[in-house]
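For reference, the structure discussed in these notes is given below.
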Amino acid sequence: MKAILYSMVLMGLFFSSCQNQHTKEEAHGHSGEEASFQFTAYQSGWEVFAETEPFIKGQTSEILAHITNLSDFSPLKEGTVTASLIVGTKGIRQTLEKPTRDGIYLFNLQPDVTGSGRLLFEIATPDSSYSVTINGVTVFADEHDAFHEAEKVAISNPNAITFTKEQSWKINFATGMPQMIPFGEVIKTTARIQPAQGEEMILTAQTNGVVHFNRKILSEGIQVSNGQTLFNLAGSQLVDDNMRVRYNQAKNNYETAKANYERMAALAEENIVSQKALLDARNSFENVRLVFENLQQNFNENGQVVRSPQQGYIKHLYVSNGQYVNAGEPLVSITRNKNLFLKAELQQSYANNLPFIKTATIHSLTDDAVFTLKELNGEIISFGKNVSDENYLIPITIRVENRNSFIPGSFVEIYLKAQPDTEVLTVPNASLIEEQGSFSVLVQLSPEKFEKREVKTGSTDGIRTTIVSGLNLDDRIVLKGATLVNLAGVSNTLDPHAGHVH
């Protein structure tokens, strides 16, 4: 019996505890701790996203400030931040010497007056100081008004994608505004990469001989320096036109003429020989010297020395080690690849547009990089004025600087851009999400919530795309990282508060 009574008492205490706990949770929900305000400001090169408990006179409220450097959308990792709540002429402040976590500063402020005011964040980094002001901050007189006001301003969009600041700091992420820019007609085509004139040199054999590589491995694509010896052409085993014999003859003639001239010069000082004999000896020496030095520049006792005339790469090797070649045969081609030609061919329907083409965008297919013509220090060289019977397409040639990702002989995509006449709304191509032929952008509701909005697109130049409808100029959108944010919404597995330090 006692055991039964004891069990009933325990059950009564348990239900009483649960009821009391439920009452506490309801009170906690209306105390304002669950309600919050969100404020965002973009000033002085910084984004400050502050989540605050309602400010109530006489009560301490928590401010969770996320501070992001807009230059690369990275968190503030080192710096002193002062948060000030100013209402009228009165204010309170708190200074934190370092973040709670990278980019996150947790403040606690207790206002003593009510009314409308502002939050001021003063950021001091090792390099400089900045200030960011958030207006429209209210200090309430009681919890009831604060709670219901927080409910009114809360973002309610069941389809919004949650992507926390901590998550965006870990990826290549950025937000920004669409831009109205001049945008003309764009012609998209494919161009072949070719060496520019003067960038490639072909070395030929100046004598008959057998090729001997100067290094064990000599192949196409190897980088060479100016004056570097590539190989020798040896003709020592040849009966006719033996360059080794010719070189040694020239060397012997040079040494003999030099000795004779020096001897005649000594005799002339003592007036033993005439000045005419001295001049004849000097003339013979100079003639022999020119012949020998000319041979010495490109030949030695082993034959012709083949050196690279410029710094660059071996584009094509026409011979193999040990091969016999005749004078005049090509040996190797050296290209600098500093400048390249992009050769494209367009349909005749674009003939009237070509005179208005002023610039271009180049898309490398090897590494998916996109460059403007200005970034490549390039220019449009020429476009065809007529067509031939063999080819009915119109050629166009563009010169650009090489960016290593350009390989002669391969292809790139180019967007030929005509002179713009009007300004249109555009977004970066990286901000667009394509799904089954439709395009969308992610519009920022707050720095941690984004709305997926379908847009109608126009033409593109490979870097930016025109927007026909679905987006306004004052809509802040995701510029970088849109695909990852969209995947977060599709997976629906992310914790909305992951990484926060509430």
Side-chain angles (χ1 to χ4, degrees), residues 38 40-42 45-49 66-75 103 155-181 183 186 188 361 363-365 367-372 375 413 415 424-500:
Q38 294 183 348
T40 308
Y42 297 89
W46 296 91
E47 176 199 73
V48 175
F49 172 54
H66 306 74
I67 302 179
T68 303
N69 190 333
L70 292 179
S71 64
D72 56 2
F73 275 79
S74 62
I155 298 175
S156 58
N157 188 332
N159 296 322
I161 299 173
T162 299
F163 201 75
T164 66
K165 292 302 301 180
E166 292 86 343
Q167 291 167 324
S168 67
W169 287 334
K170 295 177 181 179
I171 66 172
N172 185 18
F173 178 87
T175 63
M177 316 298 289
Q179 294 182 7
M180 294 288 295
I181 63 172
F183 206 96
V186 178
K188 181 183 178 182
T361 302
H363 175 208
S364 172
L365 301 179
D367 58 2
D368 206 35
V370 180
F371 304 95
T372 64
E375 289 174 334
E413 285 183 343
Y415 298 82
V424 294
L425 187 67
T426 66
V427 298
N429 285 5
S431 66
L432 292 171
I433 301 170
E434 182 181 5
E435 293 173 320
Q436 297 181 349
S438 298
F439 291 91
S440 303
V441 295
L442 295 176
V443 179
Q444 177 176 298
L445 305 177
S446 78
E448 293 190 331
K449 287 188 178 295
F450 304 91
E451 176 190 49
K452 189 176 180 180
R453 186 183 301 176
E454 185 174 348
V455 294
K456 184 178 180 181
T457 61
S459 57
T460 179
D461 64 356
I463 297 178
R464 303 188 69 86
T465 297
T466 61
I467 300 298
V468 178
S469 62
L471 193 64
N472 299 317
L473 188 59
D474 56 353
D475 287 329
R476 177 172 284 271
I477 62 173
V478 177
L479 302 180
K480 299 178 182 178
T483 302
L484 293 177
V485 177
N486 182 54
L487 288 175
V490 173
S491 63
N492 198 29
T493 58
L494 297 176
D495 179 4
H497 300 288
H500 280 255

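- The two atoms that bring Leu425 and Pro178 nearest to each other are CD1-CB, 3.6 Å, heavy atoms only.
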Legend entry - Worked verdict on Lys449 versus Thr162 for side-chain hydrogen bond (donor to acceptor under 3.5 Å, both in side chains): CA-CA 5 Å; Lys449 287 188 178 295; Thr162 299; 3.1 Å; yes

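- Put simply, the side chain of Ser364 never gets that close to the backbone of Asp368: no donor and acceptor are under 3.5 Å apart.
- With a 4.5 Å cut-off on side-chain heavy atoms, Val478 and Ser431 do not count as touching.
- Using a 4.5 Å heavy-atom threshold, the side chains of Thr361 and His363 count as separate.
- The two residues Ser440 and Glu454 make their nearest non-hydrogen contact at OG-CA, 3.7 Å.
- Using a 4.5 Å heavy-atom cutoff, the side chains of Leu473 and Met180 are in contact.
- Atom CG of Leu479 sits about 10.5 Å away from atom CG of Asn172, to the nearest 0.5 Å.
- Using a 4.5 Å heavy-atom cutoff, the side chains of Thr457 and Thr466 are not in contact.
- Atom OG of residue Ser459 and atom NZ of residue Lys188 lie 12.0 Å apart, to the nearest 0.5 angstrom.
- By the 4.5 Å heavy-atom criterion applied to side chains, Ile463 and Asn429 are not counted as neighbours.
- The two residues Phe439 and Leu432 come nearest to each other via the heavy atoms CD2-CB, 4.2 Å.
- Here the CG-CG distance, from Asn486 to Leu442, works out to 6.0 Å after rounding to the nearest 0.5 Å.
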Inset, instruction - Check the pair Thr164 / Gln167 against side-chain hydrogen bond (donor to acceptor under 3.5 Å, both in side chains), numbers first and verdict last. - result: CA-CA 5 Å; Thr164 66; Gln167 291 167 324; 3.1 Å; yes

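- The CD1 atom of Ile171 sits 4.5 Å away from atom CG of Leu484, with the distance rounded to the nearest 0.5 Å.
- In this pair, His66 and Trp169 present their aromatic rings tilted. The plane angle is within the 30 to 60° band.
- Between Val455 and Val427 there is no side-chain heavy-atom pair separated by less than 4.5 Å.
- Interatomic distance, Asn159 CG to Glu451 CD, rounded to the nearest 0.5 Å: 8.5 Å.
- By the 4.5 Å heavy-atom criterion applied to side chains, Val485 and Phe173 are counted as neighbours.
- Side-chain contact between Val443 and Leu471 is present, with heavy atoms from C-beta onward closer than 4.5 Å.
- For Gln179 (side chain) and Thr426 (main-chain N/O), no donor-acceptor pair under 3.5 Å exists by modelled atom type.
- Nearest heavy atoms, Ala430 versus Ala482: O-CB, 3.9 Å.
- Across every non-hydrogen atom of Val468 and Gly458, the tightest pair is CG2-N, 3.9 Å.
- Sorted by first and then second residue, the side-chain hydrogen bond (donor to acceptor under 3.5 Å, both in side chains) pairs with a member in residues 467-476 read Thr175-Arg476, Arg453-Asp475; sequence neighbours excluded.
- Rounded to the nearest 0.5 Å, atoms CD (Glu448) and OG (Ser168) are 7.5 Å apart.
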Inset, instruction - Start with the C-alpha distance between Phe450 and Leu445, add both sets of side-chain angles, then the distance that settles side chain to side chain contact (heavy atoms under 4.5 Å, CB included), and finish with yes or no. - result: CA-CA 5 Å; Phe450 304 91; Leu445 305 177; 6.0 Å; no

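- Of the listed residues (Phe73, Tyr42, Phe49), just one forms a side-chain contact (heavy atoms from CB on, under 4.5 Å) with Thr68, and that residue is Phe73.
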